[in-house]
Every structure is written in structure tokens, then in C-alpha cells.
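Down below is the structure, laid out as C-alpha cells.
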Amino acid sequence: MASVKSIYGYLYDSYGTQGWWPLSGLGMPVNKDDKDWPNYLKANPKGNKDDFIKNWPRHLGIAPKSWKQRFEIIVGAILTQNTSWSNVEKAIYTLNKNKLIDAEKIKKVDQKKLGGLIMPAGYFNQKSRKLKECAEFFSKNKDFDREEVLKIWGVGPETADSILLYAFGKPYFVVDAYTKRILGRAGFKEKSYDDIQRLFMANVDDSVDMYKEYHALIVEHGKSVCLKSRPRCGSCPIAEVCKSRDSFK
DNA sequence: TACCAGGTCCTCG
DNA sequence: CGAGGACATGGT
């Protein structure tokens with residue numbers, strides 16, 4: 001039986017440092033030959049390089065250093081609920097072009113208009129409301145605990161912990177669908193969000209950087225190898241400690 | 001064509 | 001509590 005601590009080692013050796021949260025770098029100097037240029041062209045076939053450099057999200061690989069960057073993480077955490085990150089990037093791009101990566105502006109903008117701008121991220125009626133609820137809370141509160149964040153409409157445990165960990169550097173391990181799937185297949189008995197979170201927080205070095213990287217590694221592993229329907233057990237870095245390694249082929 | 005994607009809220013047993 | 005449905009777009 002694997003331990004959560006040993007799994008981290010396998011994943012890190014296989015995928016390396018992830019540098020999460022994938023902060024966009026909007027408004028920051030970037031390389032003209034950025035590897036995200038093709039993604040930008042795909043989403044904006046008639047777009048130009050100048051617009052790409054100024055506005056297209058890319059992965060900075062650093063912790064947030066400003067209130068704007070923290071708010072961008074809050075926005076991303078809401079928008080990525082049950083939604084692929086590539087769709088979220090399109091919405092963040094449009095929000096940025098409209099100067100809306102800003103709690104005060106989100107509070108003021110018409111909710112219908114906001115919904116239209118974030119349409120590619122899906123669930124736009126719900127998410128536009130969620131963004132406004134977050135803008136209200138985080139512009140009003142500069143010091144808060146997890147319980148208060150969980151009271152925001154639209155913020156459940158995963159979103160709350162993502163915000164606390166990645167935007168504010170507080171030590172909460174983030175549990176997502178990938179975490180539940182990977183642990184379940186590996187043979188762990190914990191099922192609920194709280195039980196899984198406790199499992200990690202009791203067995204892994206309790207540092208913010210460890211929590212950030214471990215969660216990011218799990219997402220990478222879930223996307224590239226431990227797929228929902230046909231996991232690639234043949235090239236799985238934790239196969240030797242996974243109870244389900246022989247259940248798929 | 002279906003299924004999947006870094007969930008959450010609401011309702012009902 | 002836990003299960004089941006609604007919410008919506010884009011990629012494969």
C-alpha cells in the first residue's frame with residue numbers, strides 16, 4: 001500500500017516542478033516566442049502578436065505578488081469549477097481586455113454583461129454571480145478564516161482551499177476530482193473531501209509550497225495518465241504502488 | 001456522438 | 001448526512 005508521502009516522490013520525479021498557480025502574466029513583459037502563441041491563434045484566428053503579448057494568459061510559475069494577481073487567482077478558481085483550464089483562459093483574456101481583473105470593477109459591472117464576457121468558461125449565469133459575490137467579500141475583508149470564505153455563495157471547499165492556498169499562501173491542501181480518483185484507484189479508503197484533506201495534511205510536510213506543488217502534480221497526473229475512462233497504467237509513475245494497476249488495459 | 005473538464009447549489013430521502 | 005439533477009461551453 002502506498003503512502004501519500006511516497007506518491008509525491010513518484011509524481012515529482014516524473015513530472016517535475018509545476019509552479020502553480022498558473023498565473024497569467026497579463027500586463028507583464030513576456031517572450032515574443034512564447035509557446036502559448038499557437039493557443040492564442042486557435043482562440044483568436046484573426047488576432048495579432050501585439051494583442052497576444054499584452055493580453056493572452058500564460059503560466060508565470062511564481063507566487064502572486066499583488067492584489068491584482070491574488071484576485072486573478074480567485075477569478076480563475078471560480079471559473080475553473082468543473083471546466084477545462086483552456087476555456088477559463090479565454091474568459092480571463094476577455095476580462096483582462098475589459099479591465100475587469102479587479103474586485104471594484106466586478107462589483108460595478110452589469111451581471112448580464114459579465115456573463116457574456118465569461119461565456120467560454122461555461123455556467124456563465126452562475127459564475128457571473130459567483131464572481132460578484134467574491135468581489136464583494138474580498139474587497140470588504142482583508143483578514144478572514146476558512147469558515148468565512150466557505151460562506152461566500154459559490155465557494156465550496158475546493159474553491160475555498162484553492163483561494164486560501166494559492167492566492168493567500170495559507171496552508172490548506174486542495175482536494176479535487178483527480179485527487180479522489182487517483183487515491184481511490186490506489187486503494188485508499190478515504191472518500192469525503194474532509195477525510196482526504198486530513199489524510200494529506202497529516203502525512204505530508206505541512207508547508208505551503210509542498211501543498212501547492214503536490215496538488216498541481218496530482219492535476220498533471222490526472223490529466224495526462226490517470227484518465228477517467230482509460231488510464232494509461234502502462235506509463236504510470238505510481239503503478240507499482242497502485243491497487244488498480246491491473247484493472248485497466 | 002457522447003463523454004469529459006482542477007464544483008457547487010438545491011432538493012429530497 | 002449522501003445521492004441525484006441542474007448548470008453551459010469547447011475539445012476530442
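Throughout, a chain's letter reflects where its sequence line sits, starting with A, and its residues are numbered from 1.
- A donor-acceptor contact closer than 3.5 angstrom links the side chains of Ser24(A) and Glu72(A).
- Where DNA chain B pairs in unbroken runs of 3 or more (Watson-Crick or G-U, both distances under 3.5 Å), the stems are B:2-5 with C:9-12, B:7-13 with C:1-7.
- Within residues 119-138 of chain A, the residues approached by DNA chain B to less than 4.0 Å at the level of any non-hydrogen atom are Tyr123(A), Gln126(A), Lys130(A), in residue-number order.
- Using a cut-off of 4.0 Å between Lys/Arg side-chain N and Asp/Glu carboxylate O, Lys180(A) and Asp176(A) are scored as not salt-bridged.
- Within the nucleic acid shown, Arg181(A) comes within 4.0 Å of sugar-phosphate atoms alone, with no base atom in reach, counting heavy atoms only.
- Rounded to whole Å, the separation between the P atoms of dC10(B) and dA8(C) comes to 14 Å.
- Side-chain polar atoms of Glu148(A) and Asn141(A) form no donor-acceptor pair below 3.5 angstrom.
- Distance NZ (Lys223(A)) to C1' (dC4(B)): 12 Å, rounded to an integer number of Å.
- Only Val219(A), listed by number, bring a heavy atom of residues 207-220 of chain A to less than 4.0 angstrom from any atom of DNA chain B.
- Checked against the 6.0 Å centroid threshold, Tyr211(A) and Phe200(A) do not count as a close aromatic pair.
- Under the 30°/60° scheme for interplanar angles, the aromatic rings of Trp67(A) and Phe138(A) are found to be tilted.
- Contacts of Pro22(A) classified as side-chain contact (heavy atoms from CB on, under 4.5 Å), with partners at least two apart in sequence or in another chain: Trp20(A), His59(A), Trp85(A).
- Judged by distance alone, with hydrogens and angles left aside, the side-chain atoms of Arg232(A) form no donor-acceptor pair with the main-chain N or O of Leu227(A) at under 3.5 Å.
- Taking for each of Gln81(A) and Gly222(A) the nucleotide of DNA chain B with the nearest heavy atom, the 5'-most of the two is the partner of Gly222(A).
- For the segment residues 145-177 of chain A, residues with any heavy atom less than 4.0 angstrom from an atom of DNA chain B are, sorted by number, Ile152(A), Trp153(A), Gly154(A), Val155(A), Gly156(A), Pro157(A), Glu158(A), Thr159(A), Asp176(A), Ala177(A).
- Here the side chain of Ser66(A) pairs a donor or acceptor atom with the backbone of Gln69(A) at under 3.5 angstrom.
- Two different hydrophobic clusters hold Leu150(A) and Ile152(A) under the rule that ILVMFWY side chains link at heavy-atom gaps under 4.5 Å.
- In this structure, Val155(A) is not a member of the same hydrophobic cluster as Tyr123(A), with clusters built from ILVMFWY side-chain heavy atoms closer than 4.5 Å.
- Each of Lys127(A), Lys130(A), Gln126(A) was evaluated against Gln81(A); a single residue qualifies, Lys130(A), per the side-chain hydrogen bond (donor to acceptor under 3.5 Å, both in side chains) test.
- Stacking of Arg58(A) on the aromatic ring of Phe52(A) is recorded, both the 6.0 Å distance cut-off and the 45° axial limit being met.
- For DNA chain C, the contact window with chain A, defined by any atom under 4.0 Å from a protein heavy atom, covers dC7(C) to dG11(C) in 5' to 3' order.
- Salt bridge annotation for Lys170(A)-Asp145(A): absent, with no cationic side-chain nitrogen under 4.0 angstrom from a carboxylate oxygen.
- Taking the centre of each ring, Tyr12(A) and Tyr214(A) stay at or above the 6.0 Å mark.
- A salt bridge links Asp51(A) to Lys97(A): at least one charged side-chain nitrogen sits closer than 4.0 Å to a carboxylate oxygen.
- Rounded to an integer number of Å, the gap from Ile182(A) CD1 to dA5(B) P is 11 Å.
- Residue Ile196(A) contributes atom CD1, which lies 13 Å from atom P of dG7(B) at whole-angstrom precision.
- Thr159(A) and Ser162(A) share no side-chain donor-acceptor pair at under 3.5 Å.
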